[in-house]
Amino acid sequence: MTQASTVHVHPPKIELFDVAAKTNTDPKGFVRPVEVYREEPWGLYMGRHSDHASFHYLESWLLPSLSLRASKLWYNPGIEQWQDVYVDVGVFTRDSPTLWRSLDHYLDLLVRTGRDVRLVDIDELLAAQTDGLLDAEQAQAAIEHAVAAVDGIAAHGYSLEAWLTTLGMTLTWR
């Protein structure tokens with residue numbers, strides 16, 4: 001008999017990035033205007049304003065081959081941030097020439113450049129797998145992608161950008 005998880009877990013978050021319409025549909029279905037999209041052979045950059053209580057601007061790079069999304073949040077005055085870069089683990093696909101999709105697989109990395117990297121939300125991944133929201137293969141892939149990213153970041157002085165540069169991916173930010 002399987003015991004129900006004690007962690008409240010939501011279905012995997014889906015987000016859409018419409019380059020042609022210059023919109024970003026967040027996981028709750030809100031369509032937000034995008035200031036900048038930039039495509040590279042290895043990924044998609046998005047920069048947009050935000051009406052979030054903690055931050056006013058969001059920048060993200062979707063990196064499909066690594067199953068990662070790297071984001072920088074520009075926090076509002078008085079809001080403390082723990083990390084420089086927030087990294088989501090998931091599946092990032094191009095559904096058409098102008099439409100990208102992200103499917104979050106719960107695990108996140110918090111990178112403090114030059115200091116450390118922390119893997120978080122392991123409990124959510126395990127609960128999602130237990131509850132049937134992800135199958136064993138998806139959960140294993142999420143763990144493997146997260147661990148590979150932690151290894152790469154740590155091996156390059158705890159710098160996401162330094163690691164990605166060795167893979168031919170040069171991130172630029174606002």
Side-chain angles (χ1 to χ4, degrees), residues 1-18 23-32 42-46 48 50 52-55 58-73 80-96 99-113 115-156 158-164 166-167 169 171:
M1 181 174 199
T2 304
Q3 182 178 0
S5 67
T6 58
V7 175
H8 175 70
V9 66
H10 53 78
K13 294 178 183 175
I14 296 171
E15 197 165 341
L16 300 175
F17 304 83
D18 189 328
T23 60
N24 168 223
T25 305
D26 73 14
K28 294 177 181 169
F30 293 106
V31 179
R32 310 214 184 260
W42 42 263
L44 176 70
Y45 169 83
M46 177 195 71
R48 69 169 175 80
S50 173
H52 194 276
S54 298
F55 60 92
L58 166 67
E59 294 181 272
S60 289
W61 277 100
L62 304 184
L63 307 169
S65 67
L66 301 175
S67 296
L68 303 175
R69 174 185 180 177
S71 297
K72 283 195 176 190
L73 307 173
E80 237 181 280
Q81 69 179 33
W82 191 88
Q83 75 282 340
D84 304 312
V85 184
Y86 189 94
V87 181
D88 295 290
V89 177
V91 176
F92 306 94
T93 57
R94 182 181 225 156
D95 290 354
S96 75
L99 185 65
W100 295 63
R101 175 185 306 271
S102 76
L103 177 65
D104 187 69
H105 279 175
Y106 302 95
L107 295 178
D108 300 306
L109 305 175
L110 308 178
V111 180
R112 291 192 302 178
T113 303
R115 298 175 64 190
D116 56 25
V117 59
R118 181 181 297 174
L119 175 61
V120 298
D121 298 334
I122 298 164
D123 58 337
E124 288 185 26
L125 173 75
L126 295 175
Q129 202 271 321
T130 299
D131 291 354
L133 297 171
L134 291 180
D135 63 29
E137 184 178 313
Q138 291 169 312
Q140 179 175 340
I143 293 166
E144 289 172 354
H145 292 122
V147 169
V150 168
D151 285 349
I153 293 165
H156 291 86
Y158 294 104
S159 172
L160 172 72
E161 288 88 348
W163 170 53
L164 293 176
T166 68
L167 302 175
M169 301 176 189
L171 302 189

**Prompt:** Any side-chain heavy atom of His105 sitting closer than 4.5 Å to one from Ser67?
**Reply:** no

**Complete:** Value for CG (Leu68) from CG (Leu160), rounded to nearest 0.5 Å, stands at 8.0 Å

**Asked** Would a 4.5 Å heavy-atom cut-off, applied to side chains only, mark His52 and Leu73 as touching?
**Response** no

**Prompt:** Between CD1 of Ile153 and CG of Leu119, what distance do you get to the nearest 0.5 Å?
**Reply:** 10.0 Å

**Prompt:** Any idea which heavy atoms bring Leu107 and Ile122 closest together, and the distance?
**Reply:** CD2-CA, 3.7 Å

**Prompt:** Ala142 and Val89: which non-hydrogen atoms are nearest, and at how many Å?
**Reply:** O-CG1, 3.6 Å

**Item:** Separation of Leu62 CG from Arg101 CZ (nearest 0.5 Å)
**Value:** 12.5 Å

**Trp61 and Trp42, any side-chain heavy atoms less than 4.5 Å apart** = yes

**Request:** Report the C-alpha distance between His156 and Leu164 in whole Å, list the side-chain angles of each, state the deciding distance to 0.1 Å, and finish with yes or no for side chain to side chain contact (heavy atoms under 4.5 Å, CB included).
**Result:** CA-CA 9 Å; His156 291 86; Leu164 293 176; over 6 Å; no

**Item:** Minimum side-chain heavy-atom gap Glu15-Arg69 below 4.5 Å
**Value:** yes

**Prompt:** Got Gln83 and Val85 here, is their nearest side-chain heavy-atom distance under 4.5 Å?
**Reply:** no

**Message:** Are the side chains of Ser159 and Thr113 in contact, using a 4.5 Å heavy-atom criterion?
**Reply:** yes

**Request:** For Arg32, enumerate each residue passing the salt bridge (charged side-chain N to carboxylate O under 4.0 Å, His left out) test, keeping only those at least two apart in sequence or located in another chain.
**Result:** Asp26, Asp51

**Message:** Could you check whether atom CZ of Arg112 has more than 12 heavy atoms from other residues, nucleotides or ligands sitting under 6.0 Å from it?
**Reply:** yes

**Request:** May I ask you to test the Leu167-Leu66 pair for a side-chain heavy-atom distance under 4.5 Å?
**Result:** yes

**Request:** Look up atom CG in Leu110 and atom CD in Gln81, then write down how far apart they are to the nearest 0.5 Å.
**Result:** 11.0 Å

**Item:** Derivation of the side chain to side chain contact (heavy atoms under 4.5 Å, CB included) call for Asp84 and Val111
**Value:** CA-CA 6 Å; Asp84 304 312; Val111 180; 5.6 Å; no

**Prompt:** About how many Å separate CG of Asp108 and CG of Asp88, when rounded to the nearest 0.5 Å?
**Reply:** 5.0 Å

**Asked** Which pair of non-hydrogen atoms, one from Ala128 and one from Val9, has the smallest distance, and what is that distance?
**Response** CB-CG2, 3.9 Å

**Item:** Results of ring pair (Phe, Tyr, Trp, His ring centres under 6.0 Å) for Tyr86 - residues two or more places apart only
**Value:** none

**Message:** Apply side chain to side chain contact (heavy atoms under 4.5 Å, CB included) to residues Val150 and Leu109 and explain how you reach the verdict.
**Reply:** CA-CA 8 Å; Val150 168; Leu109 305 175; 3.5 Å; yes

**Closest non-hydrogen atom pair, Phe92 against Pro64** = O-CB, 3.2 Å

**Message:** Give me the atom names and distance for the closest heavy-atom approach of Tyr45 to Glu59.
**Reply:** OH-OE2, 2.5 Å

**Asked** Would you say Asp135's side chain and Glu137's backbone share a donor-acceptor pair under 3.5 angstrom?
**Response** yes

**Message:** Can you confirm whether the side chains of Asp95 and Thr93 place a donor and an acceptor under 3.5 Å from each other?
**Reply:** yes

**Message:** Just to verify, what does Tyr106 make a ring pair (Phe, Tyr, Trp, His ring centres under 6.0 Å) with, not counting sequence neighbours?
**Reply:** His10

**From CD (Gln129) to CD (Glu124), nearest 0.5 Å** = 14.5 Å

